[in-house]
Protein chains: 2
Amino acid sequence: MEPIITENQFEGCAEVFKALGHPARLRMVHSLAGGERCVCELQELVGLDMSTVSRHLAVLKKAGVLASRKQGNWAYYSLELGCVASLLDCVINKKQRKER
Amino acid sequence: MEPIITENQFEGCAEVFKALGHPARLRMVHSLAGGERCVCELQELVGLDMSTVSRHLAVLKKAGVLASRKQGNWAYYSLELGCVASLLDCVINKKQRKER
DNA sequence: TGTATATTTGGCAAAATATGCAAATAGGTC
DNA sequence: GACCTATTTGCATATTTTGCCAAATATACA
């Protein structure tokens, strides 16, 4: 009953973690855990160039972390991989407990 | 009661995810979830140069994911951030459900 | 002391990533 | 149609990551 993890699964999984492994992207994901936002809101949140934000969002979408929909001129992003929200809590709590 | 996440927390958290965001590192972490291993065992697992494995392990240790102890000639690494094991399961299960 | 083994570190080249600016898209409005 | 706005894409550059080889460490053993 050992669940065997294939190389493909490791790679897909690593892609998710890699996508989360950037402060700006993590901050945006955390914000999106509270509901969908448009790119301009996220841009204001992280304070990077709009084009840079757009690229970060593309990374997260490609990894399967986010979904997006277009409405008029705006693009709205939302959390697709729901468990990511608890991942964040988990890591923050663990680290916290150690650091103080 | 809103838990405010500081910039430092985001960065520490991102460092953890970043450390997990590489297939070889993820594979080693998954193996270490089953108990501590020496570097040579992990080297065999991932099939990279020993020096490369050592550096990967250093990344994980720096992020707080792994701990290490030295005994004789051998260095043993073990999982320090326990929740990481369930993170992996969480992401793999989510992705799996979507892909097939 | 010398030798063997496990691990880490220094150096380097190739590849990937991050970022901003400018240009291209796409969808609105007049 | 022309114009405005939000977003994405092309390009250039700086930085980081990855991987190996070779050298340095450290520890055990004879």
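Here is the naming used below: chain letters follow the sequence lines, and residue numbers restart at 1 for every chain.
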Check the interface with nucleotides 10-12 of chain C: list each N/O to N/O pair with the protein under 3.5 Å, or write none.
unit_1 : atom_1 : unit_2  : atom_2 : d
C:dG10 : N7     : B:Arg55 : NH2    : 2.9
C:dG10 : O6     : B:Arg55 : NH2    : 2.3
C:dG11 : O6     : B:Arg55 : NH2    : 3.1

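- For the residue pair A:Thr6 and A:Asn8, no side-chain donor N or O sits within less than 3.5 Å of a side-chain acceptor on the partner.
- Separation of the A:His30 and B:Phe10 ring centroids falls under the 6.0 Å cut-off.
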Pairs: protein N or O with nucleotides 28-30 of chain D N or O, under 3.5 Å:
none

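- For D:dT16, the OP1/OP2 oxygens have no side-chain nitrogen or oxygen of A:His22 closer than 4.0 Å.
- Within 4.0 Å of B:Tyr77, counting heavy atoms only, lie sugar-phosphate atoms of the nucleic acid but no base atom.
- Counting non-hydrogen atoms of neighbouring residues, nucleotides and ligands closer than 6.0 angstrom, the CD atom of B:Glu11 exceeds 12 such neighbours.
- Partners of B:Arg27 according to the salt bridge (Lys or Arg N to Asp or Glu O under 4.0 Å) rule, which considers only residues two or more places apart in sequence or in another chain, are A:Glu7.
- With the nearest nucleotide of DNA chain C identified for both A:Lys18 and A:Leu48, A:Lys18 has the one nearer the 5' end.
- Between B:Glu80 and B:Lys61, none of the side-chain N atoms (NZ, or NE/NH1/NH2) sits under 4.0 Å from a carboxylate O, so this pair counts as no salt bridge.
- If you take CG of A:Asp49 and C1' of C:dA22, they are 10 Å apart, rounded to a whole angstrom.
- Residues A:Leu26 and B:Phe17 meet the side-chain proximity criterion, which asks for heavy atoms closer than 4.5 Å.
- Taking side-chain N and O atoms only, B:Ser54 has a distance below 4.0 Å to OP1 or OP2 of C:dT8.
- Listed nucleotides D:dT18, D:dT7, D:dC21 differ in distance to A:Met50; the shortest reach to its side chain belongs to D:dT7.
- Contact between the side-chain N/O atoms of A:His56 and the OP1/OP2 oxygens of C:dT19 is found at a separation under 4.0 Å.
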